[in-house]
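Structure, as structure tokens:
Proteins get letters first, then strands, A, B, ... in listed order; numbering begins at 1 in each. Scope of the values below: all heavy atoms of this structure, side chains included, with no hydrogens, waters or symmetry mates.
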Amino acid sequence: MTSLSTAAAGAIDAFKIYGKDDSEVRALDGVTVTFASGKFTAIMGPSGSGKSTLMHCLAGLDSLTSGSITIGDTNLATLNDKELTLTRRSNVGFIFQAYNLIPTLTALENITLPLDLGGTPVDQQWLDTVVDAVGLRSRLNHRPSELSGGQQQRVAVARALASKPRIIFADEPTGNLDSRMGTEILTFMRHAVTDLGQTIVMVTHDPVAASYADRVIFLADGKIVDELDNPTADQVLDRMKRLGS
Amino acid sequence: MAAPVTRLTIRGVIARKWRIFLTILAVVSGVAFVSGAFVLTDSVKKSINDVFATLSEGIDIEVRTSIAFGDEATAERDPVSVDVIDVVAAIDGVRLAEGNLLRAATVIKSDGEPLRTSGPAFGIAWVGPDGLDGRTIVEGRPAAGPSEVTLDKSSARRAGYEVGDTVTIVGPAGKGDFVLVGLNGTGKTTNGGGASIAAFDPVTANEFLGAENMVDSIYVAIDEGADRDAVMAAIDAALPDGLEVITGEQSAEETAGAINDIIDIFGNVLLGFAAVSLFVSAFLIFNTFAIIVSQRLRELALLRAVGASARQIRTMIIGEALVVSVIATLLGILAGMGVAKGIVAIFNAAGAAFPSASLIVSPRTVIASTVVGVGVTVAAAIVPALRAARIPPVAAMRPELGFNSLQKNKRLVVGSITTGIGLVLFSIGVFGQPGGTSGTLGLSAVGAILLFLGIASLSTTVAAPASRVISRVLPLPFRPMTRSVPGRLGSRNAQRTPRRTASTASALMIGLALVSTVSVVASSVQASFKEQLQGSVTADFFVSNGPGNFQGLPVAFSERLSELPELSAVSPFRAATAQVNGDTKQIGAVRGSAFGQLVDIDLTSGSVESLDDGKILLHRDPARDYAVQVGDTLSILWLNGTEQQIEVGGIYDDATIAGNWLVGLSTLQAVSTATPTDFFIGAKIADGVDIEDARAAVEEVALDFPSAEVQDQAEFQQSQEDQLNQLLIIIYGLLIISIAIAVLGIANTMALSVFERTREFGLLRAVGMSKRDLKRSIRWEAVIVAVFGASLGIIVGIPLGLAVTTALPSTFITTTVVPVNTIIVILIASIIVGVVAAMPARRAARLNVLDAISTH
């Protein structure tokens, strides 16, 4: 366990309940977890285990039924829509499985979008670092439709990094990519954590993807059932098999 | 670097340019009518004012008879005695005083037919080469002596005459032959501005035009250096009672003002077109933006997720509407100039001879067009923008969580309240009629708008079940449709998004509600008019000037007819303006001894013959308003200031032909010295005379009055009905525009929703649906939506129409008719509308299957 002061985000007694009585579904059933700064964490679990819900709530995209979520020192439950927006803008980065980019903006404009929306000046040096790291220098003026799937996903990663957020959430970032592209993205995310000091939380059900993380959390039926530090793909696969049985 | 919201907005518009093309088109049409109305009125007024300013350049002062009340410009003034010209000429400082005489005189073309003009046909007194009236000689010389005339150049050409020819002209006193010695012009033009102008020397004019030593007014030019105010005062002091002195500028302004009022009517008709088309366009705009927002659900959610505030999203969507509206407004203003130019061209082709004018786009035109174009577009985009701002960021990953739409109950309540308020306002407007015509129109228009909005909102609730019913009932003639897969899909799609089905149908609903309302009112007015005409016309012949000629017949005609032994009763119908107890009224004048045999006015008390004893007859409505009965007296103030106490000689029920007020011819003649003309003449055949013989006798007299048209009873009734029908055609034309925009709306929605369902169609094609079936399914959906809108429109429009007919005075409406045929035509037309509107959507069927399903 990491001490709270170095935690980038966390959930305490998080419940997310849909429906009522007989049709009640507990997507999150009392989850308490913290995510350390400067670490790469993977959340795994079978379909319907609540891993996406957990991530949506952690990112302030969705609200809990009860319990609390903190990003840095801020309790998200106390924020209204406007404050949530500001928190997302400055503290959170996103990488989605697909449809990550605004089709009408160029790659560069997509990358700086969160900064532009907040009126924050672009840190050119950091931007250069990020752009070079994802290797997109030559494609910056292209529209998403002119980029390959892997390139689009790299733009999304660059966007998530551009505002130097406290934490980046990635939702199946390699789900739509072939394995070579996937490896490229994962390597880059690893690089962002190790060398650039970023914090990433990634939802995935690919054991290979999870093996890039520092720590894997396993979810089943809305509860944390297991976790693993410095995992290998085989270890993850093994745990997943046990969960499935 | 541009602000991100601005950039997103502009890129958003560019990316969706084809999808908002139809929206722009709709806004353009509305704005074009607004700007067209202003450009037209401004430009034509300017040029007409210029013409009158030029014409009156030489006139410093005008002397004319004064009127007691009413509009200075259009009043039928009494003439001025020629003796006054000498009185005025003798005043110190007067350089020139000349009589202005202008009377109806028709030129007979070289082929024997009367020359038809778009303006009036005038005969005037030519006052010499230094004439103050702006008339010029462009060829030959002025007329001098009793057998010479000049014509304006364009009329001479159209009538087929050249200088030296003999021209037949019909004046108030009869026919005459004159030698054409020259061609005249007016100001800088060689035509009479749409009128035909025959100029005689003053003595001939006095005789031939039946002026009896009177002139219409006196034009005065003053000596160089003379003080105009002093000269005017001196003239005024020397004038007999009942005459007044005005400046030349004021006279020109009045004349131009009267014509400007007519131009304003055209402008107002165009503004009416604008109002209807913009109101319908607003629905189209709303719809387009609502769909664009829902299509961009994930994009908008993504923006929210990466840090865009709700406000930024709102600003972006409204900004897109703003960009669209600015483009549309600019195009609309340009199109409006085209509209104005086109209308001038159409009128000129019809012979109106508007002076050629450069188009004037005044700041007011630009401001009004912008306010309307931008205002309507942005207002219509507000609700979609608010909806977009409520999209939760999580929808970026879970699109199904996208919209929490307005709750059904809330919409029902809001819709009902809006409908209710609309209904109340409309009823107050139509039945209460507060604040006269403008109050009635304003209230009922606002009421109708609210009513339409309310029903549009309520219709969402019934859209799904109604679509189901339509899809069951409509195909009965071609049954297999319901069972087939395309039929089922089309129908389900119409039910799937009731909100969209309803708002798409709304535009058509409004158009057709207006059409239904108007057609109920129009059919009722038509039927009532026909019924009343049949009940009241007992004359065997009517003589009037042909259609489009408002000048009236010379009095001599009815006098000659009265002498015919074949006719037993002859009466002209004249009109005069007077004030009754302070209210301005049009009063008809007829021959009391004959009128009762020609028109059945349904007299309830008194006698028609009492008219010849100087009494007045009135319809029961004014009799009620003024609380008078036979034997009471009314105070009548005639235009020239004569006031009389006139006894009521009778009260009648049928005002179809007689109007509300009638006096005897003798009463009018005793009061006014203005040259009378007759609107029409009614005649009854004497006992035992064959109708053919009688007609031949009438026609023979008519030979001397070539513009006159002799009609028997049936022909007269038909021509009256035709006039009414012409008016109705204009109204229907206005409504067709609203329907055209509604069709654009459905086409737009279909195209957009098909685009949205690309993957679905791809899937259908992948599992084996043929292109043909796919097209059929789309077409079927559009037809259901169109029929739904049409049905709603008819359901709303017919009661509105019935309400209006109930509220109209019984003078107009005696029978109420629901035009079943028109309604059936509307329903069938709406099916066609659906088929047509589905055409742009057919592109979907051409999609490559693989492309369709791989689209993100």
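Taken to the nearest 0.5 Å, the OG1 atom of A:Thr85 stands 12.5 Å off from the CZ atom of B:Arg311. Expressed to the nearest 0.5 Å, how far CD of A:Glu83 lies from OG of B:Ser309 amounts to 13.0 Å. Taking CZ of B:Arg298 as the start and CD1 of A:Ile102 as the end, the distance is 11.5 Å to the nearest 0.5 Å.
For B:Arg304, the parts sitting under 4.5 Å from any heavy atom of chain A are the backbone and the side chain alike.
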Q. Where do B:Leu303 and A:Leu113 land on the side-chain contact (heavy atoms from CB on, under 4.5 Å) test, with the steps shown first?
A. CA-CA 9 Å; B:Leu303 279 170; A:Leu113 183 62; 3.4 Å; yes
Q: Any chance you could lay out the side-chain contact (heavy atoms from CB on, under 4.5 Å) test for A:Arg159 and B:Val306, step after step, and finish with the verdict?
A: CA-CA 9 Å; A:Arg159 183 191 60 210; B:Val306 300; 3.7 Å; yes
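Counting all heavy atoms, side chain and backbone alike, B:Gly307 lies closest to A:Arg89 at O-NE, 2.5 Å. Contact record, A:Phe94 with B:Ala305: CE1-O, 2.9 Å, taken as the closest heavy-atom pair.
Other residues, nucleotides and ligands contribute more than 12 heavy atoms inside 6.0 Å of the CG atom of A:Asp132. No more than 12 heavy atoms of other residues, nucleotides or ligands lie within 6.0 Å of CD in A:Gln125, so this atom counts as exposed by the packing criterion. The neighbour count for A:His142 NE2, taken as heavy atoms of other residues, nucleotides or ligands under 6.0 Å away, is above 12.
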